[in-house]
Amino acid sequence: MQTVLVTGGMGFIGSHTVIALHENGYEVVIADNLVNSKREVINRLYEITGKRFKFYNVDCCDKVALSEVFRENKIDSVIHFAGLKAVGESVAKPLEYYSNNINSMLTVIELMREYEVHKLVFSSSATVYGMSEDVPFTEESPLGICTNPYGWTKWMIEQILRDCAKADPSLSVVLLRYFNPVGAHESGLIGEDPQGIPNNLFPYISKVSVGTLERLTIHGDDYDTPDGTCLRDYIHVCDLAEGHVKALGFIDSNEPGVEVFNLGTGKGTSVKEAVAAFERACGHEIANVIGPRRPGDLAVCYASTDKAEKVLGFKATRDIDDMCSSCWKWQVNNPNGLQD
């Protein structure tokens, strides 16, 4: 049985991926500093899987602490989620983002080399494509035109990993560029649990749906789209988690090197369509108002998923109604998020 170290495994995407790995026969070790997650997640994972996963409360920038994880476990591969992830916050705190996100990856890759771990899946992002309007984005779309420090950290880490793989012919790396992960586990026990006012659409709609927030502001309804609101490629977090399992399988059956895949649905959903879908899920209207456009928002952003489907054998199966119904179940069961 292969053992996978999941850094940031207590977070939104990480915790769902832990479940998918367990269901596919992997042994999982979790490392997380709990900056953007709660210790209660480990109990929820036990409720869902019946497995008490080995958890280390460590910061991935702390090489001494993280080396204990490698020393105490025979790690076969790493899925690296750990990092700060709020676009707006990265603009306000660029030093924190560059320091944390890049240093954590450097520490992980250094320890992988020291402990002869040669397989890595990196949690990248569609933000590396920047402000291009040439949709759909393919894996060959232009990079390096990012609009915020968060996106630049992903772009820089991708380049670091390419250079590391060039220098070490035994290293296998899969870069997964996510589009917009949403939804929650079907149990309603884990889901997206942002601290403070949510930055992303679905957590915000969820908070409005249960009355925690008064109303949603739709930023612009005069875009060149069918209903005037922005189109985004939303992917259910459980589909996304399964994409990571596919990525590990790809590494095991292919020669070392670097490969990149988009993970999305391959189609756009507008803000108004997302609101309507959530209204179907919760059974009542979502209060909303139209506000001004936000600087830097693209009218349309969605993935080309052809490569992931052809090479990884990955195709998202859950639709926008599945995303909204699972979000609603999570929010109703946990109106104030997880409590430690």
Side-chain angles (χ1 to χ4, degrees), residues 2 4 6 12-14 16-26 77-81 119-130 132-143 154-155 158 161-162 165 172-186 202 230-270 273-274 277 298 300-326:
Q2 288 194 45
V4 184
V6 181
F12 174 45
I13 304 171
H16 288 80
T17 301
V18 166
I19 294 169
L21 289 167
H22 172 75
E23 290 174 345
N24 282 274
Y26 290 90
S77 55
V78 177
I79 301 180
H80 184 60
F81 293 105
K119 297 183 283 188
L120 173 68
V121 177
F122 174 59
S123 164
S124 193
S125 167
T127 54
V128 299
Y129 295 122
S132 172
E133 296 186 0
D134 185 18
V135 292
F137 292 115
T138 73
E139 288 81 357
E140 286 74 42
S141 292
L143 306 179
K154 295 295 187 183
W155 180 84
E158 285 196 11
L161 294 175
R162 290 182 191 279
S172 291
V173 178
V174 170
L175 310 172
L176 295 179
R177 294 176 183 156
Y178 313 156
F179 278 68
N180 296 270
V182 299
H185 190 264
E186 62 185 4
F202 271 77
C230 294
L231 294 177
R232 292 293 180 268
D233 189 341
Y234 298 103
I235 179 171
H236 197 293
V237 66
C238 291
D239 279 331
L240 189 65
E242 290 161 12
H244 292 75
V245 178
K246 294 282 190 183
L248 285 180
F250 173 85
I251 286 175
D252 285 335
S253 58
N254 286 273
E255 294 297 315
V258 179
E259 197 55 85
V260 56
F261 298 98
N262 288 334
L263 292 186
T265 61
K267 63 180 181 180
T269 299
S270 76
E273 287 172 333
L298 290 172
V300 179
C301 176
Y302 62 96
S304 167
T305 58
D306 294 346
K307 183 179 178 182
E309 188 170 351
K310 182 179 179 180
V311 180
L312 281 186
F314 170 79
K315 186 174 177 62
T317 60
R318 298 165 177 88
D319 63 17
I320 191 68
D321 287 302
D322 297 323
M323 299 175 206
C324 291
S325 60
S326 63

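Basis for what follows: all heavy atoms, side chains included, without hydrogens, waters or symmetry-related copies. Because the structure is a prediction, the values reported are computed rather than measured.
Scanning all heavy atoms of the two residues, the minimum distance from Q2 to S77 falls at OE1-OG, 4.2 Å. When all heavy atoms are compared, the tightest approach of N254 to F250 is ND2-O, 2.8 Å. The two residues S172 and I251 have their closest heavy-atom pair at CB-CG2, 3.6 Å. When all heavy atoms are compared, the tightest approach of S141 to P136 is OG-O, 4.4 Å. Smallest separation of non-hydrogen atoms from D233 and G266: OD2-N, 3.0 Å. Minimum heavy-atom separation, F202 to C324: CE2-SG, 3.5 Å.
Contact annotation: the side chain of F179 never approaches that of L263 to less than 4.5 Å [non-hydrogen atoms, C-beta and beyond]. Looking at heavy atoms from C-beta onward, E273 lies out of side-chain contact with I320 at the 4.5 angstrom threshold.
Only one option out of V128, T127, V121 pairs with S124 in a side-chain contact (heavy atoms from CB on, under 4.5 Å); it is V128.
At least one donor-acceptor pair under 3.5 Å links the side chain of H16 to the backbone N or O of H185. Listed for the N262 side chain is a donor-acceptor partner under 3.5 Å among the backbone atoms of F137.
For H244 and Y26, the ring centers are positioned 6.0 Å apart or more.
Applying the salt bridge (Lys or Arg N to Asp or Glu O under 4.0 Å) test to D321 and every residue at least two apart in sequence or in another chain returns R280. R177 meets the salt bridge (Lys or Arg N to Asp or Glu O under 4.0 Å) test with E158; sequence neighbours excluded. Applying the salt bridge (Lys or Arg N to Asp or Glu O under 4.0 Å) test to E139 and every residue at least two apart in sequence or in another chain returns nothing. Every residue two or more places apart in sequence or in another chain that forms a salt bridge (Lys or Arg N to Asp or Glu O under 4.0 Å) with D239 is listed here: R318.
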Can K267 and L231 be said to form a side chain to side chain contact (heavy atoms under 4.5 Å, CB included), step by step? CA-CA 9 Å; K267 63 180 181 180; L231 294 177; over 6 Å; no
Could you go step by step and tell me if L143 and Y129 meet the side chain to side chain contact (heavy atoms under 4.5 Å, CB included) rule? CA-CA 5 Å; L143 306 179; Y129 295 122; 3.5 Å; yes
Under 3.5 Å, which donor-acceptor pairs do the side chains of residues 301-312 form with other protein atoms, sequence neighbours left out?
| from | atom 1 | to | atom 2 | distance (Å) |
| --- | --- | --- | --- | --- |
| K307 | NZ | E259 | OE2 | 2.5 |
| K307 | NZ | V260 | O | 3.0 |

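Here L248 contributes atom CG and L21 contributes atom CG; the two are 6.0 Å apart, rounded to the nearest 0.5 Å. Of the inter-residue distances, the one linking S125 atom OG with L176 atom CG reads 11.5 Å to the nearest 0.5 angstrom. Here SG of C238 is found 11.5 Å from CD1 of I13. Values are rounded to the nearest 0.5 Å. Here the CG atom belonging to L240 is positioned 10.5 Å from the CG atom belonging to N180, to the nearest 0.5 angstrom. Taken to the nearest 0.5 Å, the NZ atom of K154 stands 7.0 Å off from the OH atom of Y178.
Under 3.5 Å, the side chains of Y234 and T265 contain no donor-acceptor pair of N or O atoms.
Screening residues 243-258 for salt bridge (charged side-chain N to carboxylate O under 4.0 Å, His left out), with sequence neighbours left out, gives K119-D252.
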